[in-house]
Each structure stands twice: as structure tokens, then as C-alpha cells.
Protein chains: 2
Amino acid sequence: MLTKKVLRNVVVAAAAMVTMPAMAQQNYKTDSATIKNIYNNALTSYESYENLRYLTKNIGARLSGSPQAAAAVEWSRQVMEKMGLDRVYLQEVMVPYWVRGDKEVGRIINSKLIGSQDVNILALGGSVGTGENGLSAEVVEVKSFEELEKLGKKKVKGKIVFFNRPFDNTHVITGAAYGGAVDQRGGGPVAAAKLGAIGVVVRSMTNDIQDVPHTGGTRYEEGVEKIPAAAISTRGAEQLSKLLANDPNLKFYMRMTCETLPDVLSYNVIGEIKGTEKPDEIILVGGHLDSWDVGEGAHDDGTGCVQSIEVLRLFKDMGIKPKRTIRAVMFMNEENGLRGGRKYAEEVKAKGEKHIAAIESDAGGFTPRGFGIDGNDGQYAQVLTWKPLLAPYGLHDLTRGGGGADIGPLKGQGTVALIGFRPDSQRYFDYHHTEIDTFEQVNRREMQLGAASMASLVYLISEYGLSGNGAKAAK
Amino acid sequence: MLTKKVLRNVVVAAAAMVTMPAMAQQNYKTDSATIKNIYNNALTSYESYENLRYLTKNIGARLSGSPQAAAAVEWSRQVMEKMGLDRVYLQEVMVPYWVRGDKEVGRIINSKLIGSQDVNILALGGSVGTGENGLSAEVVEVKSFEELEKLGKKKVKGKIVFFNRPFDNTHVITGAAYGGAVDQRGGGPVAAAKLGAIGVVVRSMTNDIQDVPHTGGTRYEEGVEKIPAAAISTRGAEQLSKLLANDPNLKFYMRMTCETLPDVLSYNVIGEIKGTEKPDEIILVGGHLDSWDVGEGAHDDGTGCVQSIEVLRLFKDMGIKPKRTIRAVMFMNEENGLRGGRKYAEEVKAKGEKHIAAIESDAGGFTPRGFGIDGNDGQYAQVLTWKPLLAPYGLHDLTRGGGGADIGPLKGQGTVALIGFRPDSQRYFDYHHTEIDTFEQVNRREMQLGAASMASLVYLISEYGLSGNGAKAAK
Ligand SMILES: [Zn+2]
Ligand SMILES: [Zn+2]
């Protein structure tokens with residue numbers, strides 16, 4: 001229990017931390033009050049959380065091309081239509097359609113120690129199947145591509161390659177651990193196939209030791225044999241590795257009937273509030289509407305979508321008329337193609353639209369820590385001048401380097417700043433791309449705080465632009 | 001999904017944020033490396049998490065005086081004994097022993113709309129029972145003590161008073177919302193009894209709308225009738241309030257067989273590593289070993305206990321010989337008496353021990369945000385000089401005002417700084433004092449990061465003391 005007195009002290013001290021900013025005091029007061037109202041509104045409205053509930057519970061997993069992805073498009077269009085925005089529209093985009101088929105079978109067979117035992121696997125997104133009968137082969141375990149190269153064709157041909165490099169848990173930001181391991185999932189199948197392997201098993205991308213496998217996209221290369229590839233749970237990976245150490249000749253059986261079907265017509269879903277003074281200057285806020293086909297795509301990226309819609313709702317509900325245009329974009333196909341992000345950027349170019357900032361939320365609906373800013377020096381400095389307004393809400397990490405996958409293709413079109421929303425990262429990879437990425441894992445307040453922090457930054461950019469001209473960074 | 005490139009950018013940018021501190025560069029380098037090693041060690045050792053698993057799963061709820069509390073004392077003594085510390089000992093303390101008795105019954109009866117329906121209630125800690133037959137009465141709902149006063153004896157006598165002021169969700173730090181509502185739980189029974197009420201029902205202390213009720217301590221006053229008091233779940237409170245609006249004459253039935261038994265001998269459990277240069281200067285790090293009697297006392301305060309033990313483990317495992325003495329204290333009876341904290345402070349006084357700092361972790365095992373410091377200006381300024389060493393780990397909130405319930409009685413003994421560990425607060429009151437405060441709600445890495453941040457601060461204090469003399473706050 002916390003004592004009441006202690007708690008009051010904390011609040012008073014936190015309030016006292018707001019030091020006078022570099023900007024004019026009058027604006028500071030107005031902006032500070034507006035941001036406080038944004039947080040108050042976001043924390044007391046249940047709309048974004050109920051939107052997330054609908055998207056995850058009533059629609060659920062929504063891989064590009066699936067009927068559920070179509071439902072998500074229609075649902076988000078309807079939600080925004082009801083909000084009385086200035087414009088809601090769809091943007092056509094052809095997307096790949098990969099289907100998982102039957103539940104996968106993964107089995108350690110003929111182990112001297114344990115005989116045969118099933119382990120949890122999930123086909124990697126885009127993988128070819130094994131054929132109806134599955135395949136079995138001896139397993140070579142490697143931790144790196146270098147190790148695989150050293151083994152050479154002789155030791156790899158006809159085998160299943162088991163990529164088992166774990167997350168480096170010493171990274172405080174879990175995304176860094178992901179970045180240090182995910183090459184195995186993306187590049188493993190091609191590297192293994194080049195040496196004659198007939199299948200690939202990749203350790204799941206998570207810090208946790210779990211029974212659930214994590215799917216995610218993999219890549220093939222023109223001219224290299226496409227071999228089946230699956231993720232194995234981290235607990236399964238640990239077990240397989242131990243058994244292999246004692247019994248290098250055990251075999252692994254895998255059966256997957258996944259396949260890639262013809263492309264399907266889908267859509268980016270867009271809603272906007274026109275700016276009153278500079279309607280041609282667009283501030284984008286977005287997430288991706290598609291998810292993997294397991295779980296409910298709650299943190300990845302249901303929260304990013306409902307937070308983006310919430311930004312518009314906050315402006316409407318509070319009666320803030322933004323000086324610049326605010327556009328919420330639900331991108332399609334981030335997970336296995338990025339077709340929505342590419343199409344959006346093409347259209348921007350074709351129409352000669354001017355985006356001054358694009359903010360993506362695609363790192364989970366956790367407590368906000370800040371934003372990563374990929375812009376020029378002036379733009380970064382301008383964002384830093386807002387630190388006194390943002391830090392009281394825990395937004396301390398205003399760092400260079402940011403963006404997001406879907407907004408990435410906008411890079412270089414004018415001086416658009418690409419901004420990544422950065423929530424706390426500790427739990428993201430416990431759920432990422434799994435059957436346990438569900439509504440229940442999202443804390444209402446953490447998600448609401450994320451929406452409020454995005455809305456606050458959007459508000460400041462809508463008031464002042466983001467040219468970066470003449471901005472001096474606050475210390 | 002996050003792209004690898006985006007993630008790398010984040011890491012590089014975060015690393016670049018570490019600006020040169022005010023202190024000498026050589027110390028900065030050494031200290032920075034030591035702190036990095038502390039984090040690396042904490043994030044890759046499973047010992048603290050396995051300790052938490054044992055305490056919550058094998059011992060479980062452990063209210064003062066219960067056999068489980070005795071088990072927790074013996075277990076934590078054994079854990080520290082095995083660590084090869086310089087000293088492990090128990091400190092006797094007599095504690096109150098309140099028992100819940102039968103599972104409570106709470107029932108809305110004779111509602112015109114729904115007839116009778118059970119709702120979830122939990123007796124407040126320390127409450128008297130209702131007698132075997134329970135009691136039923138009409139209900140008066142109030143949101144404040146002022147409202148209750150206005151009703152007066154005439155309208156309150158013979159009734160059950162229903163305190164239904166909810167958390168103010170606009171507070172970003174949830175502890176502030178708790179602080180704004182918890183007077184109802186602590187002071188409700190006395191205020192109601194003074195006006196002749198025969199029972200009290202209090203809305204549970206949480207931001208969430210849930211079915212689980214939250215227990216917690218209440219108080220009686222000498223000379224005022226002790227009336228039974230229970231917490232009702234927030235969902236139950238919302239329902240009861242709606243029904244009352246339509247039907248002010250409905251009745252509420254409650255049955256509780258809780259009672260207070262004679263005091264029991266229990267213990268604070270203490271382990272220490274002697275300082276090499278100034279062994280008489282003690283740095284305390286602690287949590288409370290007791291919990292409420294529902295759930296598993298995981299976030300409240302199992303994590304504080306295992307984090308405190310982890311601080312000692314880190315020093316031992318890394319071979320850091322602290323200049324000053326580090327003492328981990330598992331306090332007994334924080335929840336319903338604070339006898340352990342008081343006894344500890346008495347002993348310090350009697351022995352003339354010199355504590356230079358006391359750090360308590362009792363706000364949950366969530367991602368660290370910083371520390372609250374209750375010390376003199378110089379001490380606070382000295383802690384601020386360490387900000388460049390701590391901020392890279394997300395410890396931005398180094399604010400005035402801190403401490404904790406158990407270390408509170410040390411206040412004023414010499415110049416001891418009382419420091420409260422401040423983790424992210426969003427989820428704490430989802431679980432606090434309920435059956436769902438379980439091991440499963442604690443994320444391993446979040447809890448480990450908390451232990452590492454406490455160990456880092458302890459390390460700096462052990463190196464430099466905390467006299468605050470000559471310290472200048474870093475900007
Ligand atoms: Zn506690
Ligand atoms: Zn995503």
C-alpha cells in the first residue's frame with residue numbers, strides 16, 4: 001500500500017517539475033491547458049477502448065486478403081463516417097494473400113532420449129507448404145549465418161536448419177534485441193536453401209521463454225529454392241537444442257499446408273479534418289489495419305489504429321479546429337508486403353500533396369515514453385522546444401531516428417518529418433505475432449495515454465507547423 | 001511489426017542522448033560501466049523472478065499473523081542465508097492478526113427491478129463481522145463526507161452507508177487518483193457510525209471497472225461504534241448506484257465473520273553486506289513481506305521484497321564491495337499496522353545506527369520511471385547530479401517527495417534521505433489488494449529493471465555517500 005501522504009508528495013513534486021519553456025509564456029499557457037484537456041478527455045472517454053474491443057473481439061485476426069481484413073476496412077470506414085469528419089475515403093491497393101492452411105505439425109522424432117514429441121510451431125508468413133505428407137530430416141542447429149556458411153553444403157544438404165540465436169536480454173529496449181535476432185526469420189530460408197537445406201525452423205522472436213510460437217514474415221529470393229520455414233516456440237527451441245546436443249541424429253518432422261493465393265483488392269482507410277489556415281499542410285497519424293492471422297492483432301497494431309482514430313475524435317469532441325489538416329490513415333498490408341504504405345506514398349506524389357509530418361503508432365499500446373523523430377536538424381530542434389509541454393506526461397524520450405514501416409515510403413517527399421510513437425517496450429515481444437496478442441493484454445489507460453500523447457504532438461504541429469526554421473533546441 | 005532499420009535508429013539515438021555529466025569524466029566512465037553491468041546482470045539472471053514465483057506460488061497471500069506470513073519470514077531468511085551475506089537476522093515484532101473468516105456474502109435484496117442478486121464484496125481489513133446472521137438495511141449513497149454530514153443522523157441512522165466516489169481518471173499518475181478516493185475506505189466506517197449507520201460499503205479503489213473487489217485497511221476510533229465495512233467491486237458499485245436511483249428503498253444484505261485475534265509474534269527479516277570504508281553508514285533497501293490475504297501479494301509487495309534481495313545478490317555476484325553498508329529489509333505488517341516499520345526505526349534509534357538513505361519499493365514491479373526523494377536540498381541536488389547516469393535507463397523522474405510507509409518512521413533520525421522507487425503506475429490499481437494480484441501479472445523484465453535501478457542508486461550512494469554537501473544539481 002502507498003500512503004496517501006506519499007502519493008500527494010509525488011503529485012506535487014511532479015507538477016513542480018514543469019519548468020518554463022523557451023517559447024513565449026502566453027502560448028505555453030494556452031498549449032499547456034489544451035494538452036491537459038486532451039489528456040483529461042482521452043482518459044475519461046471509453047470510445048477508443050471500445051473500438052479496440054470491436055476490432056479485436058468482433059473482427060479478430062485480419063491478415064491482408066482475408067475476409068476479416070475486409071471487415072476491418074469496412075468497420076474503420078464506418079467508425080470514421082459516424083464522426084462527422086470532413087472526409088472519409090478508401091484508397092485501393094492490391095495485396096498478397098497468404099493462407100496458413102491446416103494447423104501446423106512440428107514433431108521431434110526418433111530422439112534416443114524421449115522418442116517422439118510434438119512441439120509448437122507456426123509457419124512463417126509467406127512460407128511455402130511441405131506438401132500433404134510433411135517432411136522429416138536431421139537437424140543442424142546454428143546461431144548465426146557465419147556458422148551456417150562454415151558448415152557448408154556437405155553438412156547442410158538435405159537437412160532442416162534450426163536457427164537458434166536468442167534475444168540478447170541485456171538490451172533495455174526490447175526492439176534492439178528483436179533487431180539483433182530477426183535476420184534469422186527474414187533471411188534464414190534463403191541462406192539455408194542455398195546450401196541445400198530442405199526446411200527451416202527459427203526460434204521465436206521473443207525475450208520470454210514461452211510455449212507459444214511467434215509467426216512473422218520471411219523472404220524468398222528469385223532463383224533460390226523456396227523451402228518451408230516455421231517458427232518454434234522458445235521453450236521448444238530450448239528443448240530441441242538440448243536434445244540435439246545429446247543426439248545429433250534425431251529428426252524433425254514438419255507439416256504445413258500454407259500457400260500464397262492470387263492478390264486481392266483491399267484498401268487503406270483514411271479520415272481527415274481539414275485545416276482552417278493551411279489545409280494543404282497535412283499531418284498524418286496512423287497505424288496498420290492488417291495483422292497476422294493468429295491472436296487478435298491487439299498490440300500489433302489494433303492499438304495504433306484506434307489511437308489514430310482517437311486523435312481525430314479528440315479534436316472533434318474538444319472543438320479544436322486545427323490550423324493544418326489532420327489525416328488518420330489505417331494502412332493495409334504492413335505485415336507481409338507493405339503495399340498500403342507504398343501505395344499511399346505513390347498517391348501523395350501523384351497528387352502533389354504536402355505532408356509536413358507523419359506519426360506512426362506501431363510499437364504497442366503501452367505507456368508512452370516519447371517519440372523518435374526522423375527529420376532535419378531544425379525539425380528535431382523544434383520538437384525539442386516542446387519538451388516542457390510533453391515531459392510532464394512522461395514523454396522524455398524525444399530522440400533522433402524514428403518513423404515506422406508504413407510511413408517509410410514517404411521519406412524524401414518534401415521535408416516531411418517521420419515520427420515514431422515510442423511506448424514502453426518491455427512487454428511488446430511477449431505477445432507480438434502470436435495467439436496471445438489479444439484485447440486482454442491491452443491496459444485501457446496505457447492505450448489512452450498513447451492516444452493523448454499522439455494528439456498532443458499533432459496539436460502542436462497543427463498550431464506551429466514543423467518547418468524547423470529558426471527553431472533552437474531546448475536544453 | 002517494427003522494421004529492423006527503425007529499431008537500430010532508436011537504439012543509436014538513445015545512446016547519443018547520454019550527455020556529459022557535471023561530475024569528473026573518469027568517475028562517470030567507471031560508474032556508467034558499473035551501472036551497465038548491473039543492468040546486464042539483472043536482466044539475464046532469473047533468480048529474482050524465481051524468488052517471486054516461490055513467494056507468490058508456494059507461499060501465496062501472507063497477512064500478518066498468518067502461518068503464510070511465518071513461512072515468508074523463514075523463506076526470506078533462508079534465501080538470504082544462502083547468499084553468503086555478512087549478516088542475516090530477524091527482528092522481533094508483535095503484529096495484529098485479523099482473519100477474514102467465511103467468504104463474505106453481499107446481496108442486493110428486494111430491488112423492484114431485479115429482486116435479489118449477489119454482488120462481490122470483501123471485508124475491509126480490520127473490520128468487525130456482522131454476526132452469523134448478517135445484517136440487512138436500506139442504503140444511503142454518498143460521494144463525500146460532506147454529503148454524508150448533510151444527510152445527518154435522521155437519514156443515516158440504521159442504514160448502510162455506501163461510499164461511491166470513483167477514482168478521478170484524469171490523473172496521469174494513478175496514485176494520485178487513489179489518494180483522492182482512499183479516505184472513504186479508511187475513514188468511512190467512523191464517519192458513518194457517528195451518524196448511527198449500522199454498516200458501510202465502499203467502492204473499490206481502482207481505475208478499472210471490474211468484478212473483483214479490493215480490500216484494504218480501515219480504521220475505528222475509540223468511543224465510536226465499530227460497524228462492519230466491506231469493499232464492493234466497481235462494477236457492483238455502478239450497478240447498486242443505478243438501482244438506488246430508481247429504487248431508494250432497496251435493501252442490502254451483508255454477512256462477514258471476520259474478527260481480530262490476539263497479537264502474534266512475527267519478524268522483520270534483514271540481510272546485509274558490510275561496507276568496506278564506512279561500515280557505519282547504512283543504506284537501506286526494502287519492501288514489505290506481508291500482504292493482504294487474497295491473491296498472492298505479487299505487485300504488493302512481493303516484487304519489492306525480491307528486488308531488495310536482488311540488490312544484494314547483484315553486489316555479491318558482481319564482486320562489488322560497497323564502501324558503505326547495504327541492508328535489505330523485508331518489513332512485516334505494512335498493510336494493517338506498520339508495526340514492522342515502527343519497530344525497525346525504534347531499534348535504529350536504540351542502537352544509534354546511522355542510516356544515510358532508505359529506499360523502498362512498494363508501488364509494484366513495473367517499468368521504472370524514477371525515484372522520489374524526501375531529503376534536504378543538498379541531498380536532492382546530489383541525486384540530480386546522477387541523472388546522466390540514470391536517465392539512459394528511463395529514470396527521468398527524480399522528483400522531490402518520496403519515501404514509503406515502512407521507512408517513514410525513520411524520518412528525522414539524522415539526515416537520512418527517504419527514497420521511494422517509482423515505477424510506471426498505470427496497472428498497479430488494477431490488481432492492488434485483490435485476488436488477481438498474482439505472479440502472472442508481473443512481467444519478468446519490468447521487475448528486473450526495477451531491481452537494477454534500485455541497485456544502481458544504491459551503488460552510487462555507497463560510493464559517494466549522500467550528505468549532499470557541496471552538491472550542485474545538474475540541469
Ligand atoms: Zn504495499
Ligand atoms: Zn505492426
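Since this is a predicted model, take the numbers as computed values, not measurements.
- Partners of B/D377 under the side-chain contact (heavy atoms from CB on, under 4.5 Å) rule, at least two apart in sequence or in another chain, are B/R400.
- A/R444 touches chain B through its side chain: at least one heavy atom from C-beta onward sits under 4.5 Å away, while N, CA, C and O do not.
- At distances below 3.5 Å, not a single donor-acceptor pair connects side-chain atoms of B/R445 with backbone N or O atoms of A/S425.
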Quiz prompt | Full working for side chain to side chain contact (heavy atoms under 4.5 Å, CB included) between B/T367 and A/R427 | solution = CA-CA 10 Å; B/T367 302; A/R427 286 173 284 146; over 6 Å; no
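- Only the side chain of B/D424 has a heavy atom closer than 4.5 Å to any heavy atom of chain A.
- For the options B/D208, B/N40, B/L418, B/D168, heavy-atom pairs under 4.5 Å to chain A are most numerous at B/N40.
- Using a 4.5 Å cut-off between heavy atoms, B/N443 touches chain A through its side chain atoms alone.
- A/H299 is linked by a ring-ring contact (aromatic ring centres under 6.0 Å, His included) to A/F366, A/Y431, counting only residues two or more places apart in sequence or in another chain.
- Proximity to chain B among residues 41-50 of chain A is limited to A/L43, A/T44, A/Y46, judged by heavy-atom separations below 4.5 angstrom.
- Within the 4.5 angstrom heavy-atom criterion, no atom of A/I373 approaches chain B.
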Practice problem: Determine, stepwise, if the pair A/Q426 / B/M447 fulfils side chain to side chain contact (heavy atoms under 4.5 Å, CB included). | Solution: CA-CA 10 Å; A/Q426 298 311 317; B/M447 193 268 284; over 6 Å; no
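- For A/P368, the part sitting under 4.5 Å from any heavy atom of chain B is the backbone (N, CA, C, O) and nothing else.
- Proximity to chain A is limited to the side chain of B/D430, based on heavy atoms less than 4.5 angstrom apart.
- Partners of B/D406 under the side-chain hydrogen bond (donor to acceptor under 3.5 Å, both in side chains) rule, at least two apart in sequence or in another chain, do not exist in this structure.
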